[in-house]
Number of protein chains: 2
Amino acid sequence: MEKRATIKDVAEAAGVGVATVSRVLSGGSASPQTRERVLAVAAQLDYRPSALGRNLRQRRTGGMGLLVPDLTDTFYGQLAEGVLACARSAGEPVVLGSTGDDPEQEADLIGMLLEQSVDRLIAVPSGDSDTWTPAVRAGMTVVFADRLPAMAGTETGPAAAGVNDLLRMDGLPAAATPPRPPDVPSVLADDRAGIRTAVRYLRGLGHRRIAFLGGPGHDRRVAAFREAVGAPVDEELVVFGTGSRDSAYAAASGLFQSRPDLSAVVAGGNVLGEAAVLAARELDLRVPRDVSLIMYDDVPWAELCAPPLTVIAQPGRDMGYRAAELVLRSGTRRPRGIVLPTELIIRGSCGPHR
Amino acid sequence: MEKRATIKDVAEAAGVGVATVSRVLSGGSASPQTRERVLAVAAQLDYRPSALGRNLRQRRTGGMGLLVPDLTDTFYGQLAEGVLACARSAGEPVVLGSTGDDPEQEADLIGMLLEQSVDRLIAVPSGDSDTWTPAVRAGMTVVFADRLPAMAGTETGPAAAGVNDLLRMDGLPAAATPPRPPDVPSVLADDRAGIRTAVRYLRGLGHRRIAFLGGPGHDRRVAAFREAVGAPVDEELVVFGTGSRDSAYAAASGLFQSRPDLSAVVAGGNVLGEAAVLAARELDLRVPRDVSLIMYDDVPWAELCAPPLTVIAQPGRDMGYRAAELVLRSGTRRPRGIVLPTELIIRGSCGPHR
DNA sequence: ATGAAAGCGCTAACAG
DNA sequence: CTGTTAGCGCTTTCAT
């Protein structure tokens, strides 16, 4: 454990001032001579500028934070891979946190990031806009991915100050394509189109009693579902798990048992899809003979199921990559929301209603 | 974006010196009076000590780095969740990197961490011991998880200096239980026992031509496999993918086609198991009727397969948690290797040889 | 018990 | 074009 050379060491060894070294290394002006000498000495000393010094000086950490609900969920794994790929090509570090879809943990992690002076953050938010106000007020550039924070105090009339105003999206007016991105820096999938396509597909197959199995943060998807199935929504057919696999299973199982008349279900995420398959099997419901299933997220194992699962694919890796780009370019342009397309991939888990 | 209060602000507002504030906040000695006042002022000012200043002063970043091959692989997702859980309870940040099982990227990421002065690292290593020498020499505390770096220059006689000497494990002598942990700080699964149990199980079912489908970093598993199947190992039955899903599929498919006489395969990881299922289906081989399959890693979707997959379960989350504990306690005791048990979970993907 | 002061390694004025 | 200097926010002797 030998201690690293500092900029001062390099300066002395090269017979120049520290400022010159700093300039050379960050591409400032310097005579070719000096530049070369400094570079040579730096290389020779194996000098690595310390991010510590630079960060303190600039009062900010480089890189970015990344907050996801659960890395065990393959979709978030894909998203994370995208973020990491972009960060790597920029040579920036990524500080990771897993929130477990719990607003409190999320708030703690935000606090931790603030303490680290991480001022760029990509998040799949769990808490509502109130959770996010501190981060924004502290000057963080935050890009939301996969979903937006719910608006706080929505039922109490005018929304409280904070990010709420930014979150106001178009109020889901009559189907307009292409979708208008929200005004918050964000990378989302076109949930509405994805769900609508799925529901239409099921209806085309003759299904009328279609259920939605959702999880935390799936409100845009449920909204789209309600819109797609039309007016009298059978509320018993819209159920939610809390994010854990157990609760997802319980929700799925409960749904199948309480409403044996349903003929198709749309799972709002891959963990819920997994639960649906498991619950169906346990109850001896055969897919797609007894019940058709469409799952949000295309994950590798969707193809391994018997039958292979029909899915609404969203580009997880791309979403992560784009989000990282947005958050890194935040100085350049005021980033706006991005909406990425989804795709219905028809495999074998849906059949005609019978 | 209001700027945060500094320790100086607190000191002034409380009418004390900065040193006192520092002491109070880090649990040093101070009169109850002073302590209370400082605390009150700090709370009132919403003061958060800046990690930047502290880190620079102490010439090290808190927290830890985490390097995994691929977050899209559910096992590493579990591992990461474990690490994050431990880090969170310690309030420490985690800097994440994904290596893609590529030693070069790994080396780059190590460089990045060094630049950040991250001096604790948990890694699922891709490169050999040479890749890791710089990190160790720079004074990093590194805990390996899931596997150890291969020894460099092993074929050229005496191993080169570096971490090589630390890596020397017991040379797989005749089966001794319990397994002796290596002398490197590490958290590993008991691969040998896991593989041996699996092979014995298959043999008990009458299988004689058993193949091993491996990936990067599976050398301990292959070694165990060779040991378990005994002397004349049919080398054609031991094949490798490079880590990507495509190459895993190619390897599996090639294996099935070149050796239609095999009756069972052990997949060294869940990505390879996935590939095996896919390849078998593509070739119209039925599991377990035509070929039995055991996969390393118990992942949620193993149960969804038809038939559900018999697996060698290893405690991914625990491994991550323990590794994080080790790396955090590194100041206290010199951490040694830990070996965690595996478990053969029999489901439906193995049948009698026929 | 407490304050003053010295940096940690770096960048950004500001002079020369 | 280049060197000097002043901190960034914090911990830590060292006096008091």
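Naming: A, B, ... by sequence-line order, numbering from 1 per chain.
At least one donor-acceptor pair closer than 3.5 Å links the side chain of A:Ser129 to the backbone N or O of A:Ala152. Panel note: side chain B:Arg88, backbone A:Ser98; a donor-acceptor pair is recorded below 3.5 Å.
Under 4.0 angstrom from either OP1 or OP2 of C:dT11 there lies at least one side-chain N or O belonging to A:Arg54. Taking only side-chain nitrogens and oxygens, A:Ser50 never comes nearer than 4.0 Å to OP1 or OP2 of C:dC10. At the phosphate of C:dA1, neither OP1 nor OP2 sits under 4.0 Å from any side-chain N or O atom of B:Arg23. Listed pair A:Ser22 / C:dT11 meets the phosphate criterion, a side-chain N or O lying under 4.0 Å from OP1 or OP2.
Closest to the side chain of B:Leu56, out of D:dC1, D:dG9, C:dG3, is D:dG9. The side chain of A:Arg59 lies closest to D:dG9 when the candidates are C:dC10, D:dG9, C:dA1.
The shortest heavy-atom contact between A:Val124 and A:Leu79 is CG2-CD2, 3.6 Å. Residue A:Phe75 comes nearest to A:Asp146 through the heavy atom pair CE2-OD1, 3.5 Å, listed as atom of the first residue, atom of the second, then distance.
A salt bridge is defined here as a Lys NZ or Arg NE, NH1 or NH2 lying under 4.0 Å from an Asp or Glu carboxylate O, and A:Asp119 with B:Arg4 fails to meet this definition. The pair A:Asp101-A:Arg147 counts as a salt bridge, with a side-chain nitrogen and a carboxylate oxygen less than 4.0 angstrom apart.
Heavy-atom distances to DNA chain C give each of A:Val18 and B:Gly53 a nearest nucleotide, and the one nearer the 5′ end belongs to B:Gly53.
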Fill in: Worked verdict on A:Arg317 versus B:Thr72 for side-chain contact (heavy atoms from CB on, under 4.5 Å)
CA-CA 10 Å; A:Arg317 200 191 146 90; B:Thr72 267; over 6 Å; no
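Shown for residues 31-42 of chain A: residues whose heavy atoms fall under 4.0 angstrom of DNA chain D, namely A:Ser31, A:Thr34.
Counting any heavy atom pair closer than 4.0 Å across all strands shown, A:Leu52 reaches no nucleic acid atom. Within 4.0 Å of B:Ala30, counting heavy atoms only, lie sugar-phosphate atoms of the nucleic acid but no base atom. Here A:Ile7 lies in heavy-atom contact (under 4.0 Å) with a base.
Inter-axis angle, ends of the helix from C:dA1-D:dT16 to C:dG16-D:dC1, five pairs per end, rounded to 10 degrees: 40°.
Here the rule is side-chain contact (heavy atoms from CB on, under 4.5 Å) with B:Ile122, and of B:Met319, B:Arg322, B:Met64 only B:Met64 fits it.
Per the geometry, CD belonging to A:Glu115 stands 13 Å off C1' belonging to D:dG9, to the nearest Å.
Remark: A:Glu106 pairs with A:Trp132 by the side-chain hydrogen bond (donor to acceptor under 3.5 Å, both in side chains) rule, at least two apart or across chains.
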